[in-house]
Amino acid sequence: MCLLKVTGLTKTYKNKKDFVYALKGIDFSIKQGECLGLVGESGCGKSTTAEIIARLIKEDSGTIMFNGAEITGQKRLKCVGKDLQMVFQNPKDSFDPKYSLLESVMMGADSYNLYSKTELRQRAQELIKYVGLKGSYLNKGIGSLSGGECQKASIARAVICSPKLIIFDEATSALDVSVQAQIIGLMRKLKEEKGVSFLFITHDLALTSSICDNIAVMYSGRIIEYGPCQEVLKNPKHPYTKQLVSSVLPINGCCNIPEFNVLRNTEYTENSCDFYAFCQRADEKCAKGILNMAQLQGRSVLCCHADD
Amino acid sequence: MLDINNLSVSYGKTRVVRNLSLKVNDGEIVCIVGESGCGKSTALKSVLMLDKNASITGGSIIFNEKDITKLNSAEIRNIRGLEIAMIFQNAFLSMDPTKTIGHLFYETVKAHNKKAKKIDCLKKAEELMKKLRLWETERIFTSYPFELSGGMCQRTAIAAAMMNTPKLILADEPTSALDVTAQAQVIRLLKQVKESYNTSMLIVTHNMGVVANLADKAAVMYGGSIMEIGSTNDIINSPEHPYTKALIKAVPEMNGKIPEAIEGLPPEFNDDMVGCPFAPRCSMAKDMCYKKFPEKRDLSQSHTVYCNCCSL
């Protein structure tokens, strides 16, 4: 069953003088129990997508179907409520330092009146244990926890109402690798035992391969490649994805880092493909910017040369 | 070139770097790798005495037959930027937003040579950028730092650091704030610098990929001490210390391997830390690990490990 379906999502940020086209038409869907990785470099619109789905900001146009109902244009609590939760990059900033760990986790259920107070307390205690925090931390102030512990707490808070979808917005980027691996382990546990779906936003390509089923690569407000995670990483089709994959530094074996400083005396116009200036195979067709969507073996690639 | 001997650094009473010994040879890239809070940045900054709150409580830092810990501030200022240059994590923040990049290049030279002329500096800068395969020099020189992308800023900062052709470059997480493609370009540039100028580098990073692709030698730090030091090949392919092994297993890879977590959390610094800092998280730890800091053991000429338990 399709849990989340996003079609034609666009968003423009208005500056004093000009417009920033953050999203230029995003389409994707997440099935029940699926983990979709959304990868791309900073400024490509990953977080904007997440915030629109979580109803934290408004979109310009497009529709979002969540759990069988349209949620576009509605307020957060009314439409998505407990079924969609979010975990942020900096866990410390997403907690009120005044409260203890137990209170902070219980707060995740505050708006929904699902459980009685004793029930809620018990649930919170179980979850804190489940995510791997010590029982002795229960009454500790949330500010005294380390970054990794805090991130586990924010996962416990997100799970307390048994949501259907959790959005992880760079939730592992601020952590050390050993702690990052703990969070990945926890996510796998949640996925297997509770059947939660994830939208996993990250800039770390290698990380997606250990948890995601599918992966969507974003560039400049568009999804340029979408497909099964392993296949996309092993055999990228879009020139940008190729460049991205070749930039990941492997720990065994040296990689030859290609040079991306492609210089072009461009006849770059507003219509040109966004990737035109850096694309290894750009030509006149790309300067005109006729984007084609091609379906190749269960994947979609958005490229001027997609047909070839 | 640089010889750090039994260095200890403290913030107030808390000792954050414990008995660190490290050598950087001519034209060698050495990486210090470790997780946050392991003291790697503190160790690096103390080479140029950049942190006023940190006090060096023991050991020596020998550079060019001089002990840096014994120099006064004027003498250190003569070394900074001229013989030893530093690159920071966020180059953009270390640049003056009211001055153009061209001025930055000029300033770097002028700080050590009052008679320098701006035109000559820019000419030299342009040659240098060409040699390092950085293009669009004209646009860069007339831009302000905020007009450049993060990756471009970082690469420009590296070029600026090379203006005085220092013998040693210190870099504190030079790629951590960047996207993967920009990160790859910075690694590429640092390699190019080494090839063109035979500059030595001491680089602090938490990224094993950077170590594997850039370093000649790597030192793994944990809880303020070096746990293992050896050639990059030794560290990546035949690690000995339990922490190094666990750290490498925790790194996510592209082939879908599930990263293995290290149980527990990094240590906090206490005044009276005895024994091996990794012992509480170590699966091989014995009683003696909690009581005594492990002895240095040489596995080969270039490979040294500080551990009581492994491969005995």
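In what follows, chains are A, B, ... by sequence order, proteins preceding strands, each numbered from 1. Fair warning: this is a prediction, and the values are worked out from it, not measured in the lab.
Proximity to chain A (any heavy atom under 4.5 Å) is shown, for V210(B), by both the backbone and the side chain. Proximity to chain A is limited to the backbone of N255(B), based on heavy atoms less than 4.5 angstrom apart.
Shown here is E147(B), whose CD atom has more than 12 heavy atoms of other residues, nucleotides or ligands within 6.0 Å.
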Tabulate below the donor-acceptor pairs under 3.5 Å that side-chain atoms of residues 243-253 of chain B make, not counting sequence neighbours, or state none.
from    : atom 1 : to      : atom 2 : distance (Å)
Y243(B) : OH     : E35(B)  : OE1    : 2.9
T244(B) : OG1    : E228(B) : OE1    : 2.7
E253(B) : OE2    : K257(B) : NZ     : 3.2

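To the nearest 0.5 Å, the span separating CD on E260(B) from CD1 on I184(A) amounts to 13.5 Å. Taken to the nearest 0.5 Å, the CG atom of D179(B) stands 7.0 Å off from the NE2 atom of H203(A). Atom SG of residue C229(A) and atom CE of residue M254(B) lie 8.5 Å apart, to the nearest 0.5 angstrom.
Of all the listed residues (S210(A), S178(A), G148(A)), the one sharing the greatest number of non-hydrogen pairs under 4.5 Å with chain B is S178(A). The residue among T232(B), I258(B), V211(B), N233(B) with the most heavy atom pairs within less than 4.5 Å of chain A is I258(B). Your options are K134(A), K234(A), E149(A), and the one with the most heavy-atom pairs under 4.5 Å with chain B is E149(A).
A side-chain contact (heavy atoms from CB on, under 4.5 Å) with V180(B) is found for exactly one of V245(A), L249(A), L244(A), namely L244(A).
Within the 3.5 Å criterion, the main-chain N or O of I262(B) finds a donor-acceptor partner in the side chain of Q182(A). Using modelled atom types, one side-chain atom of D176(A) and one backbone atom of S36(B) make a donor-acceptor pair closer than 3.5 Å. Side chain of N213(B) to main chain of P250(A): a donor-acceptor pair is present (N/O by atom type, distance under 3.5 Å, no hydrogens or angles).
A donor and an acceptor atom, one from each side chain of S247(A) and Q183(B), are nowhere located under 3.5 Å apart.
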